[in-house]
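Take a look at the structure set out below.
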Amino acid sequence: MRRTVPTKSGRAPSWADVTPRADFLGRREVIAGAAALAALGAGPARAKIAAQASAFSTDATPNTLEEITSYNNFYEFGWDKSDPMKNAHLMKADPWAIEIGGMVERPGTYDLADILATAPLEERIYRFRCVEAWSMVIPWIGFPLAALIDRVGAQPGAKYVAFTTLLRPNEMPGQRAPGIDWPYVEGLRLDEAMNPLTILASGLYGEEMPKQNGAPIRLVVPWKYGFKSIKSVVKITLTDKEPPTTWKTLQPREYGFYANVNPEVDHPRWSQATERKIGGGIFAAREPTLMFNGYADQVAGLYSGMDLRANY
Ligand code: MTE
């Protein structure tokens, strides 16, 4: 994506479902593990989060914490995959609040703790497919966005949900550079936002969200290309019009509003038929990309009758 900027089912519960990481590993190993991870770039020790298992998790093996936290797209911190790991510590993620407004019954500025109390936190092990044709499996911790929307109450005419990332150029060096019209913005149709697969995630691997992955809270929409999963969200607005989205605004011919993972619709400059699994090693064969990233059973109905080539 970097070079395109105008000049850029059920599964057995796992340890994280039931056991805080400290208990699972034993305190001494956690300390040793945290030091090792910090050395590898996973950053400082983060608070543990208890979460319950979800039937929506894949049984595919998750990528390692190191892979998930060292190969990132978070352009607010630079254009290289390793820039977020190096620079995201500059962002202050506490205190944090989300302003919820537009066509809702109960608009307001909700503190993070209040947002996180909306619904029980779940571990959701999801496939994650970037539009750049690489993929990972990530054990997110979060809760359904639908629960938050129900809590604030969508007004009858609301059709879309718009999301905005933190705008703080003094903490986000990428926002001091040209290329993107900051802040990063994204959007979903309301029915997509209400789908049970769509979550707001506040952690991964049983711990608070690392900053490079979008601390303290981000969207995760597993059947769409990764750029829809906007990080470090500060504003959620319900509206009756399709909201502007960062990549569509930059390159409308290459990135659409829907951005559903679709192996049959290529990016104008590369194929989307296969993907490179991060961590697979240099000799690993590319894997076939699945329609809706493997989530067709849950989401294909959202698009029945729609031309997915026109609505890319
Ligand atoms: N959100 C913001 N605010 N800024 C970004 O640059 N990059 C997107 C998405 N969310 C991005 C963002 C892209 S292109 C991808 S692939 C995913 O975040 C990467 O998420 P990850 O780094 O947690 O794997």
Side-chain angles (χ1 to χ4, degrees), residues 9-25 46-65 67-69 93 96 98 100 110-129 135-152 154 161 163 186 188 190-224 226 228-233 236 261 292-299 302:
S9 48
R11 66 176 187 102
S14 74
W15 61 266
D17 303 325
V18 288
T19 317
R21 197 169 177 227
D23 301 346
F24 177 76
L25 292 173
R46 285 164 286 111
K48 314 277 177 269
I49 305 181
Q52 60 194 38
S54 165
F56 290 120
S57 287
T58 170
D59 50 17
T61 306
N63 280 84
T64 65
L65 181 61
E67 287 159 356
I68 294 169
T69 55
W96 197 273
I98 302 184
I100 307 182
Y110 294 76
D111 279 342
L112 181 66
D114 186 17
I115 298 264
L116 295 179
T118 301
L121 293 176
E122 298 172 34
E123 184 186 58
R124 298 274 185 111
I125 306 175
Y126 279 164
R127 284 182 289 276
F128 188 86
R129 169 63 156 81
S135 67
M136 294 201 199
V137 173
I138 304 182
W140 303 110
I141 293 188
F143 69 92
L145 175 62
L148 183 63
I149 294 177
D150 282 342
R151 185 176 159 198
V152 297
V161 186
F163 304 86
E186 257 307 334
L188 295 172
L190 182 58
D191 57 347
E192 297 176 321
M194 297 299 287
N195 186 278
L197 286 177
T198 305
I199 58 169
L200 284 175
S202 64
L204 58 82
Y205 259 120
E207 298 179 347
E208 280 180 340
M209 189 66 77
K211 288 189 173 172
Q212 57 267 49
N213 293 90
I217 189 160
R218 69 173 297 171
L219 184 70
V220 179
V221 195
W223 73 93
K224 292 180 179 282
K228 297 295 290 182
S229 292
I230 181 172
K231 297 177 169 181
S232 304
V233 172
I236 298 178
V261 175
F292 296 115
N293 201 23
Y295 297 97
D297 286 353
Q298 292 96 331
V299 301
L302 292 169

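Keep in mind that the numbers below use all heavy atoms, side chains included, and drop hydrogens, waters and symmetry copies.
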Item to complete: For Ile49 and Ser202, run side chain to side chain contact (heavy atoms under 4.5 Å, CB included): C-alpha distance rounded to whole Å, both residues' side-chain angles, the deciding distance at 0.1 Å, then the answer.
Response: CA-CA 9 Å; Ile49 305 181; Ser202 64; 4.1 Å; yes
Rounded at 0.5 Å granularity, tell me how far [atom1] in [X] sits from [atom2] in [Y].
X      : Y      : atom1 : atom2 : result
Leu188 : Asn195 : CG    : CG    : 10.0 Å
Leu219 : Lys228 : CG    : NZ    : 9.0 Å
Arg127 : Met136 : CZ    : CE    : 15.5 Å
Ser232 : Gln212 : OG    : CD    : 10.5 Å
Thr61  : Ile125 : OG1   : CD1   : 9.0 Å
Thr58  : Ile138 : OG1   : CD1   : 12.5 Å

Side chains of [X] and [Y] in contact at under 4.5 Å (non-hydrogen atoms):
X      : Y      : result
Leu148 : Phe143 : yes
Thr198 : Trp223 : yes
Leu200 : Leu116 : no
Phe128 : Ser135 : no
Pro216 : Met209 : no
Ile100 : Ile115 : yes
Leu302 : Phe292 : no
Val221 : Leu197 : no

Discussion item. Taking the ring of Tyr295 and the ring of Tyr126, is the distance between their centroids below 6.0 Å?
Written reply: yes
Worksheet entry | CA sep, side-chain torsions, deciding dist, call: Asp150, Thr118, side chain to side chain contact (heavy atoms under 4.5 Å, CB included) | CA-CA 10 Å; Asp150 282 342; Thr118 301; over 6 Å; no
Worksheet item: Given the rule in the side chain to side chain contact (heavy atoms under 4.5 Å, CB included) test, do Phe163 and Leu145 qualify, once you have shown the distances and angles that lead to the verdict?
Response: CA-CA 12 Å; Phe163 304 86; Leu145 175 62; 3.7 Å; yes
Worksheet item: Should the pair Lys224-Glu192 be classified as a salt bridge under the 4.0 Å nitrogen-to-oxygen rule?
Response: yes
Worksheet item: Can we say Arg46 and Glu207 salt-bridge, meaning some charged N sits less than 4.0 Å from an Asp/Glu carboxylate O?
Response: yes
Discussion item. Can a side-chain donor-acceptor contact be found between Arg124 and Ser57 if the only test is distance below 3.5 angstrom?
Written reply: no
Worksheet, complete the sentence: In terms of heavy-atom contacts, Trp96 and Ala215 come closest through CH2-O, 4.2 Å
Worksheet entry | Considering all heavy atoms, the nearest Ile98-Val233 contact | CG1-O, 3.6 Å
Item to complete: Given side chain to side chain contact (heavy atoms under 4.5 Å, CB included), test Arg218 with Trp140 step by step and report yes or no.
Response: CA-CA 10 Å; Arg218 69 173 297 171; Trp140 303 110; 3.2 Å; yes
Practice prompt. Keeping the roles fixed (side chain from Asn63, backbone from Val137), state whether a donor-acceptor pair exists under 3.5 Å.
Written response: yes
